[in-house]
Amino acid sequence: MHKTFLHLVFFILVFVGTWQLLGKINYVGFFQIEKLTKETEKKLGDIILDSVRKDNREFNSDSVDAYVENIKQKLCKANNFPDSSITIYIFENDNVNAFALPNGQLVIYTGLIDYCETPEELCGVIAHEMAHIEHHDIMKKLTREVGISMLLTLAGGASSGGIGKEVVKIISSTAFDREQESEADKSAVKYMSKAGVDPENLANFLFRLSREKNDIPKQFEWLSNHPNSKNRASEILILRKNENHHFEKVLSEKGWLAIKKIVDESLNKGRNHSHPNK
Amino acid sequence: MVEKNNFPYVPNEYESEKASNSYLLSLIAIMTGFPIPLFNLIAAVIFYFGNKRGTYFVRWHCMQVLIAQAITMIVNSIAVYWAVGVLVWNFTLTNNFISFILTVAIFNIIEFIATIYSAIQTRKGKHISWLIFGPLTDLLVKE
């Protein structure tokens, strides 16, 4: 009995010892696996962004870009994220939507800026999307919905533009897992609180979105990839109780009104004349 | 990994064939069951219960195969779960994962070779007790 026990211990020790010994070799670094994965993600991000560009015109307004960039910087600085880890692109589109792409890229439609009543609400949506980026949810969703082989084909450039369009559709309108959403909300509450912005604004945004979706459901694309908004808003309010309560305005009200005016004018112009790229 | 031991009696031709078959069956199961490790264990369990009323030599070798397959299944299942996680669920690809897969592969190769060797030797009527699983089999199978 004693001998058998010693044999078993010996077996486990040999197994763990071999595992640990082989683990001393840096396979990931040697075969540059990490670099390959990052390069693939970067290529995918660029290809998908190009597909978004084909269907939407990039919004050209220095003041809107600067205002949104300031919100991002405030969130990044307070949460110790490198400023370069997230790049925001604003596109002319009246859909209320924002979505993250691979490689830390974040797309915001002007329809979303127009729909937000306060800059803090926009900050909440950006914080939520930043959480998806930080949690690597986009690649997880793409792997689940599209499959690794198709993603590698797309990243390799050997596919038609049709796949790129399909991937944009998946990213912008397919729901994340319930768990991923919940985790992103938790992180968004933390990011906002650390930046001194009240997370209640994100809850308000979600409540309003769920209440008004029945009027013009087609425009509320953000709801299709972020379902259960009402429940999530309630959970955000519960999470908020544990956070810092010294909140302030994210940016000046005057600046917000100015950019809202610019966006609103652009959207009205777009509604009157269908835009050339479409 | 493998050592020849004296057995209390000399097995006859029929017993040697049966004992050898238990090793061969686990080999076939490895080939057909891979990468689902459960098949190997199921094959070993079926063969063991099929020979439960067999002679001591046959029962002993069936049990050694069964123990080896049970431990292999545990280790292989962890490897398969981890690999699926990396490929499908986006687990991070780490040096720890690669070294675990290599370790499991090495142990599987050693077990594969030991199984072929044992199948040949038991067919000749020789008793083969594996270093780790043999003493455990001694405890579990009584004459």
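Proteins get letters first, then strands, A, B, ... in listed order; numbering begins at 1 in each. None of these values were measured; they are calculated from a predicted model. In what follows, every heavy atom counts, from backbone to side chain, and hydrogens, waters and symmetry copies are set aside.
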Contacts of type salt bridge (Lys or Arg N to Asp or Glu O under 4.0 Å), residue A:Lys42, not counting sequence neighbours: A:Asp46

B:Lys52 atom NZ, over 12 foreign heavy atoms within 6.0 Å: no

Gap separating the CG atom of B:Leu102 from the CG atom of A:Leu21, nearest 0.5 angstrom: 12.0 Å

Heavy atoms from other residues, nucleotides or ligands near NZ of A:Lys74 exceed 12 (cutoff 6.0 Å): yes

Where B:Thr103 and A:Phe15 come nearest, the two heavy atoms and their spacing: CG2-O, 3.7 Å

Side chain, backbone, both or neither of B:Phe107 within contact of chain A (heavy atoms, under 4.5 Å): side chain

Check: A:Phe10 and B:Leu131 side chains under 4.5 Å, non-hydrogen atoms: no

Region of B:Ile106 that comes under 4.5 Å of a non-hydrogen atom in chain A: side chain

Value rounded to 0.5 Å, distance of OG1 in A:Thr18 from CZ in B:Phe100: 11.5 Å

For A:Ser187, all residues meeting side chain to side chain contact (heavy atoms under 4.5 Å, CB included), sequence neighbours excluded: A:Ala131, A:His135, A:Tyr191

Interatomic spacing from CD1 in B:Ile98 to CG in A:Leu22 - rounded to 0.5 Å: 11.0 Å

Over all atoms of both residues, closest heavy-atom pair of B:Asn95 and A:Ile25: CG-O, 3.7 Å

Expected output: side-chain A:Trp19 to main-chain B:Asn96 donor-acceptor under 3.5 Å: yes

